[in-house]
Amino acid sequence: MTRLILATRNPGKITELHAILADAGLDLELVGADAYPEIPDVKETGVTFAENALLKAHALARATGLPAVADDSGLCVDVLNGAPGIFSARWSGTHGDDRANLDLLLAQLSDIADEHRAAHFACAAALALPDGTERVVEGRMPGTLRHAPVGTNGFGYDPIIQPDGHEVTCAELSPEEKNAISHRGKAFRALVPVVRELLG
Ligand code: ITT
């Protein structure tokens, strides 16, 4: 069976991609980067989600000699010209401090009325082979930013974004409901024909 590595230490992402590949009838052994602890994390020096996803996928494919998938994602706010974007995880200055990132963003937007609070989650998912072959696909989840966080599910900016067509925030959706509409779910599903083409 072909082994495919996903460049993340986030078990939620591995479960989600695994389910999508299995639903598509693709018989692959999917493992996380944790299976290769000796390989260092790659610096995300790109300036777009696609560049960073490709950087991570190529680094892992080169280091292991196996096909690798990587994703990069973030929140893009219209009135901020797409920021925080690739800086989403460290918007407040501390990498991964979800609450500080979200509080700073809400403070920056405090004077902005509902009709100007459009935003979207974006995700690029890349597949790289050890020979340098590469593909990248993207997914988006459009929505509107709330004025205060609501809900306890999910992570990151989930409590402040209400997806279009819904009356609740992402943090009030179940993981299955969110995966069905999310940027990452869409990008991973768009990767299925690519995986089938290159590895099927
Ligand atoms: P890796 O370990 O796989 O790199 P990560 O937690 O750094 O995962 P991403 O690169 O996918 O996460 O996302 C970067 C930031 O964008 C993340 O820290 C959140 O602030 C935000 N973000 C991305 N997807 C999100 C989602 O589905 N819900 C809420 N926030 C999200």
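Reckoned from all heavy atoms, side chains included, excluding hydrogens, waters and symmetry mates. Start at 1 and go down the list; that is how both ligands and their atoms are numbered.
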- Item | Intermediate values then yes/no, side-chain hydrogen bond (donor to acceptor under 3.5 Å, both in side chains), Thr169 and Arg146 | CA-CA 8 Å; Thr169 69; Arg146 294 280 190 89; 5.6 Å; no
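In terms of protein heavy-atom proximity, atom 9 (P) of ligand 1 is nearest to Ser73 OG, 3.4 Å. Lys56 NZ, 3.8 Å is the protein heavy atom nearest to atom 4 (O) of ligand 1. At the shortest separation from atom 17 (C) of ligand 1 among protein heavy atoms lies Phe155 CE1, 4.0 Å. Among protein heavy atoms, atom 18 (O) of ligand 1 sits closest to Ala89 CB, 3.4 Å. Shortest contact from atom 20 (O) of ligand 1 to any protein heavy atom: Tyr157 CE1, 3.1 Å. The protein non-hydrogen atom at the shortest distance from atom 2 (O) of ligand 1 is Thr8 OG1, 3.7 Å. The protein heavy atom nearest to atom 28 (N) of ligand 1 is Asp158 OD1, 2.8 Å. For atom 12 (O) of ligand 1, the closest non-hydrogen atom on the protein side is Lys13 NZ, 3.9 Å.
Atom CZ of Arg3 and atom CG of Leu199 lie 14.0 Å apart (nearest 0.5 Å).
Annotation for Val195 and Leu26: closest pair CG1-CD1, 4.0 Å, computed over non-hydrogen atoms.
Listed for the Ser182 side chain is a donor-acceptor partner under 3.5 Å among the backbone atoms of Gly185. Not one N or O on the side chain of Asp72 forms a donor-acceptor pair closer than 3.5 Å with the backbone of Ala124.
Near Ser88, meaning under 4.0 Å from one of its heavy atoms, ligand 1 places the atoms 15 (C), 16 (O), 20 (O). Close contacts between ligand 1 and Gly156 involve ligand atoms 20 (O), 29 (C), 30 (N) [criterion: under 4.0 Å to a heavy atom]. Taking every heavy atom of Arg184 and a limit of under 4.0 angstrom, the matching atoms of ligand 1 come to 11 (O), 23 (C), 24 (N), 25 (C), 27 (O).
When each of Asp103, Asp97, Asn101 is checked for a side chain to side chain donor-acceptor pair (under 3.5 Å) with Arg99, only Asp103 meets the rule. Among Lys13, Lys56, Lys186, the one residue that satisfies the salt bridge (Lys or Arg N to Asp or Glu O under 4.0 Å) test with Asp71 is Lys13.
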List the atom pairs, with distances to 0.1 Å, where a side-chain N or O of residues 105-112 and a protein N or O form a donor-acceptor pair under 3.5 Å, not counting sequence neighbours.
residue	atom	partner	partner atom	Å
Gln108	OE1	Trp91	NE1	2.8
Ser110	OG	Ala107	O	3.1

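Checking atom 7 (O) of ligand 1 against the protein gives no heavy-atom contact under 4.0 Å.
The shortest separation from a heavy atom of Asp72 to ligand 1 is under 4.0 Å, placing the residue in contact. In this structure, Lys178 has a heavy atom closer than 4.0 Å to ligand 1. Within the 4.0 Å heavy-atom shell around ligand 1 one finds Gly74.
The salt bridge (Lys or Arg N to Asp or Glu O under 4.0 Å) check on Asp34 picks up Arg9, with sequence neighbours excluded.
A side-chain N or O of His147 and one of Asp114 form a donor-acceptor pair less than 3.5 Å apart.
Below 3.5 Å of separation, one finds an N or O of His183 facing an N or O of ligand 1.
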